[in-house]
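Working notes for the structure below.
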Amino acid sequence: MDSVIRRLHRKELPIDTVELARYLIGKTLIHDLPVERLMGRIVETEAYPVGDPSGHAFRGPTKGNRSLYLARGHAYVHLAYGTSYLLNISSELDGIGAGVLLRALEPLDGITLMVRHRRTRRVLDLARGPGRLASAMGIDKRYDGADLCAGGPLRLGREVRESGPIGRSERIGITRAADRMLRFYERGNPFVSGRQRLRS
DNA sequence: TTGGCGATTGGCT
DNA sequence: GCCAATCGCCAAT
């Protein structure tokens, strides 16, 4: 059934970090593993545009953030606090550093394998939060730099269901430029992270 | 070469 | 709600 999900082509992605963050709500993230296909519906994102002091490309290109400078649609995988991998999608033209953080998925397929990747059986908690999302989807540093528009095992797909109303808020867990409204989410979706005010 | 610092999570109070 | 775990990155020494 999921094989009908058409992948997203780079040309379809908006060439703007904030627009891309909004655009990705309702789209799918697919990871084909030998055993099983993992798939989820993107329900929460955050934009880290050019010039944002919280963005990992803020101080210019380094060895660690180079994936953010790839053409929009490439993965930038970062290890946070030594414990959690976070998946970003590069969001501008080749050579410009910016990204969109994927913060939560509504699991659609491969849930039994996601449960094994995580330490919970609660479907609601499988991919609610950026570290949980990466863990459930089997994403780690090996995918840093992967092209998510190229039809490889990890890729973006078209929506299976149109997004409901999209909410907008400040971003979670940062201190610099914390008041900017750069977080997007499907309103009322129970798979969105954060407290009630940030989900409604 | 080093130390301070996170785009988090899960467990405990 | 608070806090420790844990480690790669990078600016400064």
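Reminder, nothing fancy here: chain letters follow the sequence lines and each chain counts from 1.
- With a 6.0 Å cutoff to the six-membered ring centre and a 45° limit on the axis angle, A:K141 does not count as a cation-pi contact of A:Y143.
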Point to revise | salt bridge (charged side-chain N to carboxylate O under 4.0 Å, His left out) between A:R72 and A:E19, intermediate numbers included | key: CA-CA 12 Å; A:R72 65 196 188 285; A:E19 282 183 36; over 6 Å; no

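- Remark: the A:D144 side chain and the A:S67 side chain contain an N/O donor-acceptor pair separated by less than 3.5 Å.
- Side-chain contact, A:S169 with A:R183: a donor N or O sits under 3.5 Å from an acceptor N or O.
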Atom pairs, N/O to N/O, protein against nucleotides 9-11 of chain C, distance under 3.5 Å?
unit_1 : atom_1 : unit_2 : atom_2 : d
C:dC10 : OP1    : A:T62  : OG1    : 2.1
C:dC10 : OP2    : A:G64  : N      : 3.4

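- At whole-Å resolution of the value, CG in A:D140 and C1' in C:dT6 are 16 Å apart.
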Study note, to complete from the structure: Once base and sugar-phosphate atoms are separated, protein heavy atoms under 4.0 Å mark nucleotides 2-13 of chain B, 5' to 3', with B, S and - as ----BBBSS---

Practice item. Can you run through DNA chain C from 5' to 3' and write each base as (, ), [, ], | or . depending on how it pairs? Watson-Crick or G-U wobble, both distances under 3.5 Å. Key: |||||.||||||.

Exercise for review: Determine, stepwise, if the pair A:Y76 / A:H56 fulfils side-chain contact (heavy atoms from CB on, under 4.5 Å).
Suggested key: CA-CA 10 Å; A:Y76 163 62; A:H56 288 183; 2.8 Å; yes

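- If you check the side chains of A:T28 and A:E159, you find no donor sitting under 3.5 Å from an acceptor.
- Using a cut-off of 4.0 Å between Lys/Arg side-chain N and Asp/Glu carboxylate O, A:R37 and A:D109 are scored as not salt-bridged.
- Looking at A:E12 and A:R7, no side-chain N of the basic residue comes within less than 4.0 Å of a carboxylate O on the acidic one, giving no salt bridge.
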Review point. How far apart are the C-alpha atoms of A:R155 and A:D32, what are their side-chain angles, what is the distance that settles it, and do they pass the salt bridge (charged side-chain N to carboxylate O under 4.0 Å, His left out) test?
Key: CA-CA 9 Å; A:R155 60 188 183 279; A:D32 277 325; 2.9 Å; yes

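- Exactly one of A:K27, A:R161, A:R128 qualifies for a salt bridge (charged side-chain N to carboxylate O under 4.0 Å, His left out) with A:E106. That residue is A:R161.
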